[in-house]
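The structure presented is a predicted model; accordingly, all values stated were derived computationally and were not measured. Letters A, B, ... mirror the listed sequences (proteins, then strands); counts begin at 1.
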Amino acid sequence: MSEQIAITLPDGSVRYEPAGVTARAVAEALGSRLARAAVAARVNGAVWDLDRPMHGDTTLEIITQDDPAALEVLRHSAAHVLATAVRQLFPEANIGFGPAIQDGFYYDFEVPRPFTPEDLQAIERKMREVIEADHRFVREEVERDEAQQRFRDDPLKLERLEEFGEGEVISVYTSGPFVDLCRGPHLTSTGRLSHFKLLHAAGAYWRGDSRRQMLQRIYGTAWFNKSDLDTYLHQLEEAERRDHRVLGKQLDLFSVQEDVGPGMILWHPRGAIVQYELRRFIEDELLRREYELVYTPHVTREDLFIRSGHLPLYEDQQFPAMGAAGGEAETVRYRVKPMNCPMHAVIYASRQRSYRDLPVRLAEVANVYRNELSGTLHGLLRVRMLTMDDAHIFCREDQIEEEIFDMLDLTELVLRTFGFEYRIDLATRPVKKIGGDAAWEVAERALQAALDRRKVTYGIDEGGGAFYGPKIDIKLRDAIGREWQGTTIQLDYQMPQRLGLEYAGSDNKPHQPVMIHRAIYGTLERFVGCLIEHFAGAFPVWLAPEQVRVVPITDGQAEAACTVHRRCRDAGIRSSVDDRNETLNYRVRDAELMKVPYMAVVGQREVEQGTIALRARGAKKKQEIVPVDEFVERAREIIRSRALTVWPER
RNA sequence: GCCACCGUAGCUCAGCGGUAGAGCUCUCGAUUCGUAAUCGAGUGGUCGUCGGUUCGAUUCCGACCGGUGGCUCCA
């Protein structure tokens, strides 16, 4: 006598089935097409295996390939297939964790020797055999003793088992010869997996803890159909093509050289121009918004960083101390600065401040130095000398909201100018924090109010704030969807206190100002790196290192070309002449490869007519005859307005 | 920092136990060209650094320096 359960489907209809029925059975009853497309099931909101029996009344949704959860299931199963293959080829391997991740999966193994690229090929072949064998994924729930028995030869799994609390469900998945302690869910069988590729192997600490042993991690990607896999692999290639390190070399923007040191960027003339324009843009905007520019030393007494609280916290990220110049006491030690805030605070404190003076907004585009771990350095995106477009606002609590509001306005202006997409997060109070809840409450509410007033959508990063205050983080999304931390706005109650900052209130008593740290670009290095990838090296005209390249067809037009060039220079346009003894084709190609927005070709006809044959980058018309005057006028306007389009159609 | 891989001319790369090669760049010569590589010649390397093995090392081994990918998107 079987008990009946009520199963509510997404369309609201209810089916009655015997208890213990599986989602797969329901799907088959609903239609064979659905059954074939089914990947997993959503049972009472949780993702389940298709073959897991349901007991009690439930809601049920069949998950097909279109559901984002389906990919996760697929990839998680791919990880198991990977582990199955590794276990067969390397029986001595201990298995760690093997989750699905963004775009793929990985599995960690403890093996006597790291995997070689040849190993990966062999593993991939073995994986195809496992798929061919079409092992079913069988789920079981077991008691802890039973689990410990089954995984007695897997120390890493045993360690994980220790952490299970009383009454927590321990599930085990078996697929053919492979057994894993696993939360699931999985595909019905390994045969459902076909479009995958192992990408690379890398070391990874057990549980991400650098004090624990290093495991060997294999990364892979998996998709439901070949075209998705191909698209993804193509995307990886595209990312490689846009790699700012490669483009930086090709376009002669910057270099990092052993002679100078890792993470130290040398900005070549072409790259320096980009930074120069970015600085001009932001500094002009800051002055308009009543910020004040300051300059502070690169090296300061160490005591300052002790008082500010940086040194005790970040010592391993700072460069070591250096001694004083001759004559001074040997006890005086100096540090290269990892941030500017203490110096700005000292400027604030250099005279008495009244509540009427606030807010005081001190800005500095400044180089700071951070001794980042060598392994984390990456082109322009993680460096040891960074240029921050830093500013500190000292204000009263009642001014916070207005200040944040203006910063968001500035951020939006800046990021829109580049056509970046971005994501905003409000990070709230962490567990480990200083200051009372009341102050945090005020601060968080002010940030939230400013965000709401600007009508932007944002996420809440619960507990993600700095220990000294909440913050707003903005992540840039580049052209291929990767995210980078850019703008950051942080409230700080701690430093004003530590450094004894004050202002006289209307009650003529000393009060403590709030400090807001913010950087709009974040760092110029990272921002330029993102820009390079975002534009694939083809900068908008205002940022282009070389805006116009004048190309005379033969020596006969060299002089006329120089005249055009001078006209451009006089109009503030960065121009150059390519009158090298090379064919026209050669020079056109070179300008094209250097992604110069405008090529002004000057032949005999153009000389006679006072025109240029304009070849504008990316324009629909391959070339256009334009009077020199008109070109200069329009180019100037495009640069002035910081337009993203090189040569808009008329 | 840790693990793996990599390090040959300015750049991209080939080669390999018997003391180095291509293309591009650069220099010179010829060519004067109508929109993505004209032809020829030449310059250019202590094969990342230091040590070891060897009759002999760019090649094999070790250390160091540098680069690259990765280092909990939780069983």
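In this structure, B/G66 and B/C6 make a Watson-Crick or G-U wobble pair, each of the two defining distances being under 3.5 angstrom. The pairing partner recorded for B/G18 is B/C55, the criterion being a Watson-Crick or G-U wobble arrangement whose two distances lie under 3.5 angstrom. Shown here, B/A41 forms a base pair with B/U27; the pair counts as Watson-Crick or G-U wobble because both key distances fall under 3.5 Å. Figure legend. B/U46 is base-paired to no nucleotide; pairs are counted as Watson-Crick or G-U wobble with both atom distances under 3.5 Å.
Here the two rings, on A/Y107 and A/F109, have centers that are under 6.0 Å apart.
A/Y205 contributes a side-chain N or O that forms a donor-acceptor pair with the base of B/G1 under 3.5 Å. A donor N or O paired with an acceptor N or O is not found under 3.5 Å between the base of B/U72 and the side-chain atoms of A/R207. Between the base of B/U35 and the side chain of A/N585 there is no donor-acceptor pair shorter than 3.5 Å. Donor-acceptor pairing under 3.5 Å, judged by distance alone, is absent between the side chain of A/Q216 and the base of B/G70.
Here A/R580 pairs with A/D590 in a salt bridge; the nearest charged N to carboxylate O distance falls below 4.0 Å.
Taking atom NZ of residue A/K249 and atom P of nucleotide B/C13, one finds them 8 Å apart after rounding to whole Å. To the nearest angstrom, P of B/G34 lies 13 Å from CD of A/Q604. Atom CG of A/D108 and atom P of B/C73 are 11 Å apart (whole Å). If you measure from atom CG of A/D578 to atom C1' of B/A36, you get 13 Å, rounded to the nearest angstrom. One can place CG of A/L373 at 10 Å from P of B/C2, the figure rounded to the nearest angstrom. Summarising the geometry, the separation between CD on A/Q213 and P on B/U72 is reported as 14 Å, rounded to the nearest angstrom. The separation between A/H200 atom NE2 and B/C3 atom C1' is 13 Å, rounded to whole Å. Between the CG atom of A/D243 and the P atom of B/U12 there is a distance of 12 Å, given to the nearest Å.
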Item to check | Test side chain to side chain donor-acceptor pair (under 3.5 Å) applied to A/E606 and A/T611, step by step | outcome: CA-CA 5 Å; A/E606 286 72 25; A/T611 57; 4.8 Å; no
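Judged by closest nucleotide on RNA chain B, A/D590 is the one of A/L181 and A/D590 placed further toward the 5' end. When each of A/R580 and A/A613 is assigned the nucleotide of RNA chain B with its nearest heavy atom, A/R580 is the one assigned upstream, toward the 5' end.
Of the candidates B/G1, B/A75, B/G67, B/G1 carries the atom nearest the A/S374 side chain, counting heavy atoms from C-beta on. In this structure, of B/U35, B/A4, B/U25, it is B/U35 that holds the atom nearest to the side chain of A/L584. Closest approach to the A/T376 side chain among B/G66, B/G1, B/U35 is made by B/G1 (side chain taken as heavy atoms from C-beta onward).
A/R217 forms a cation-pi arrangement with A/Y106, by the criterion of a distance under 6.0 Å to the ring centre and an angle within 45° of the ring axis.
Neither OP1 nor OP2 of B/A75 sits under 4.0 Å from any side-chain N or O of A/R160. Listed pair A/Y598 / B/U35 fails the phosphate criterion, with no side-chain N or O lying under 4.0 Å from OP1 or OP2.
Taking the six-membered ring for Trp and thresholds of 30 and 60 degrees, A/F90 and A/F115 have ring planes more than 60 degrees apart, a perpendicular arrangement. The aromatic rings of A/W647 and A/F631 lie tilted to each other, with the angle between the two planes from 30° to 60°.
The separation of B/G56 from B/C71, taken at their P atoms, amounts to 46 Å, rounded to a whole angstrom. One C1' atom belongs to B/A9, the other to B/C26, and the distance between them is 12 Å to the nearest Å. Going from the P atom of B/C47 to that of B/A57 covers 12 Å, rounded to whole Å. Going from the C1' atom of B/G21 to that of B/C16 covers 11 Å, rounded to whole Å. Atom name C1', nucleotides B/G17 and B/G1: the rounded distance is 36 Å, in whole Å. Going from the C1' atom of B/U58 to that of B/G18 covers 12 Å, rounded to whole Å. Annotation: B/A20 and B/U8 have their C1' atoms spaced 9 Å apart (nearest Å).
Between the side chains of A/S171 and A/E141, no donor N or O sits under 3.5 Å from an acceptor N or O.
If you check every strand for non-hydrogen atoms under 4.0 Å, A/R587 touches nothing.
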